[in-house]
There are 2 protein chains.
Amino acid sequence: MTVSKTAEKSSEKPGDAAKGRKDATDGQPEALQLGELSEQLGYVLKRAQLKVFENFLRCMASLQLTPAQFSVLLLVEKNPGRNQTEIASTLGILRPNFVALLDNLESRDLCARIRSTNDRRSHILVLTDKGKAVLARAKKLVATKHEARLNELLGQANREALLGMLSKIANEF
Amino acid sequence: MTVSKTAEKSSEKPGDAAKGRKDATDGQPEALQLGELSEQLGYVLKRAQLKVFENFLRCMASLQLTPAQFSVLLLVEKNPGRNQTEIASTLGILRPNFVALLDNLESRDLCARIRSTNDRRSHILVLTDKGKAVLARAKKLVATKHEARLNELLGQANREALLGMLSKIANEF
DNA sequence: TATAATTGTTATGGACCATATCAAATATCG
DNA sequence: CGATATTTGATATGGTCCATAACAATTATA
């Protein structure tokens, strides 16, 4: 299969260069070739993560919860009575950076710091009633708007397989 | 190494609370329950992404290339003769933030900005010889150290399935 | 030709992440 | 017991990445 006879090497491959791209006279700007980039797991992983977070924020707009805040509420609900260091470290948040995050949640009356009676250095974390209520609504939003859309896109089985592989990477890589 | 056998059992449920966790007398700090967090795709996705980037940086330590820098080199190699706006935007990098990134690569003589003769506003991007050589070595490192480890962890078929699903999310979500 | 749009760039502010340091409280050990 | 070390929450600070506004030079458009 001989492709073309005259214009074989004569320029106009998608990215030729400084002398001859005429978008003005021509048509579209000719999309770039991603090439090996689309095979790089790190690249695709990052882009997918950004999309998922973006969608998460949209779904949670009415509750004004970021992914990090949501994860804190979830973890405190599941582990009431733990202190800041424990909650922060299992989320991979450094203690200094956890302070402002908690200040925010506490100022919105979603969770509370309680001085521990055992160890008066530490602050025990608990959800307030409002925090529990907001979290319940957040869970519903995530399930119906966020995760549902992922299921729709990938299918239930694929979504679970994806979760399993990502967990493996997160834990064993 | 005398193991005290008296305080073996403490009858504490994992998250009991402010009245009675005695790590001092007891054993381990009792790991927290992730609960629904481990089912949140966004959470697992983010953690996996961090792990993958971290490993990428380790593999590239000898070449001092970040994921972003590597992606720029890959894209410029595949699309020589494009300007900054085109390269940056297909990578999701805003033009202002792309300047410093390019300054870095250019100062290391990995790529070059060339004033276009068509449009003297734009800078055409090309890899230098050194840039091509470094990128070739980088590709080898990524293939043998980075992606190989992922294949080892997931298996070839699963790795490809993972890539496919992430691409779907990145593009269609 | 006058006006609008584009390109690379600078300046700037916000969000997130990491380290050092501190006071208060507790643990450890002589 | 008491001196020292460690832990906890907190502050200060710096780095990186991300986003917006603005600008000069250049090009496109009305």
Side-chain angles (χ1 to χ4, degrees), chain A residues 18 21-26 29 42 46-47 49-51 53-54 56-57 64-72 76 81-107 111-125, chain B residues 4 18 21-27 29 42 46-47 49-51 53-54 57 64-72 81-107 111-125:
Chain A
R21 182 176 348 275
K22 339 179 138 140
D23 288 344
T25 69
D26 246 279
K46 176 86 180 278
R47 303 219 81 156
Q49 185 259 315
L50 289 176
K51 280 293 189 80
F53 268 45
E54 186 185 324
F56 183 96
L57 284 174
Q64 285 287 92
L65 282 182
T66 67
Q69 291 167 340
F70 179 67
S71 70
V72 170
V76 171
R82 298 295 190 139
N83 65 25
Q84 296 185 197
T85 298
E86 290 172 308
I87 298 291
S89 77
T90 73
L91 288 175
I93 302 175
L94 293 172
R95 277 76 73 199
N97 301 328
F98 194 51
V99 175
L101 207 172
L102 261 191
D103 286 348
N104 182 342
L105 294 179
E106 200 175 25
S107 73
C111 80
R113 294 183 239 227
I114 304 177
R115 294 221 94 93
S116 168
T117 54
N118 310 335
D119 185 342
R120 296 185 19 236
R121 291 170 296 185
S122 57
H123 290 169
I124 292 310
L125 298 182
Chain B
S4 99
R21 183 174 350 274
K22 340 182 133 133
D23 289 343
T25 68
D26 242 284
K46 176 85 182 278
R47 304 219 81 156
Q49 186 260 316
L50 290 175
K51 280 293 187 79
F53 269 43
E54 186 186 324
L57 284 174
Q64 285 286 93
L65 283 182
T66 67
Q69 292 167 340
F70 179 67
S71 69
V72 170
R82 298 295 191 137
N83 64 26
Q84 295 184 198
T85 298
E86 291 172 308
I87 298 291
S89 76
T90 73
L91 288 175
I93 302 175
L94 294 172
R95 278 75 74 199
N97 300 327
F98 194 50
V99 174
L101 207 172
L102 261 192
D103 286 347
N104 181 340
L105 293 179
E106 200 175 24
S107 73
C111 80
R113 293 183 241 228
I114 303 178
R115 293 221 95 91
S116 167
T117 54
N118 311 336
D119 185 341
R120 296 183 23 233
R121 290 170 297 186
S122 60
H123 290 171
I124 292 310
L125 299 182

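Chain naming here is simple, since letters A, B, ... match the order of the sequence lines and numbering starts at 1 in each.
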Pairs: protein N or O with nucleotides 16-20 of chain D N or O, under 3.5 Å:
residue : atom : partner : partner atom : Å
dA19(D) : N7   : N97(B)  : OD1          : 3.3
dA19(D) : N7   : N97(B)  : ND2          : 3.0
dA19(D) : N6   : N97(B)  : OD1          : 3.1

Just the table, please: protein N/O against nucleotides 7-9 of chain D N/O, every pair under 3.5 Å.
residue : atom : partner : partner atom : Å
dT7(D)  : O4'  : R121(A) : NH1          : 3.4
dT7(D)  : O2   : R121(A) : NH1          : 2.7
dG9(D)  : OP1  : Q84(A)  : N            : 3.0
dG9(D)  : OP1  : H123(A) : N            : 3.1
dG9(D)  : OP2  : T85(A)  : N            : 2.8
dG9(D)  : OP2  : T85(A)  : OG1          : 2.3
dG9(D)  : O3'  : H123(A) : ND1          : 3.2

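In this structure, N104(A) atom CG and dG14(C) atom P are separated by 16 Å, rounded to whole Å. Atom P of nucleotide dG8(C) and atom CZ of F98(B) are separated by 9 Å, given to the nearest angstrom. What separates CG of L101(A) from P of dA10(D) is a distance of 12 Å, to the nearest Å. dG8(C) atom P lies 8 Å from atom CG of L125(B), rounded to whole Å.
Taking 4.5 Å as the limit, some side-chain heavy atom of L125(A) sits within range of a side-chain heavy atom of L102(A). A heavy-atom distance below 4.5 Å is found between the side chains of P67(B) and L57(B).
Remark: F56(A) pairs with F70(A), H146(A) by the ring-ring contact (aromatic ring centres under 6.0 Å, His included) rule, at least two apart or across chains. Under the side chain to side chain contact (heavy atoms under 4.5 Å, CB included) criterion, L101(A) pairs with A68(A), Q69(A), V72(A), I93(A), F98(A), L105(A), not counting sequence neighbours. Listed by chain and number, the residues in a side chain to side chain contact (heavy atoms under 4.5 Å, CB included) with E54(B) are K51(B), R58(B) (sequence neighbours excluded).
A salt bridge (charged side-chain N to carboxylate O under 4.0 Å, His left out) check over residues 88-105 of chain B, counting only residues at least two apart or in different chains, returns the pairs D103(B)-R113(B).
Atom CG of residue L50(A) and atom CD of residue Q49(B) lie 7.5 Å apart, to the nearest 0.5 angstrom. The CG atom of N118(B) lies 7.5 Å from the CD1 atom of I124(B); values are rounded to the nearest 0.5 Å.
Remark on DNA chain C: of its neighbouring residues R120(A) and A68(A), the 5'-side contact belongs to A68(A), judged by nearest-heavy-atom nucleotide.
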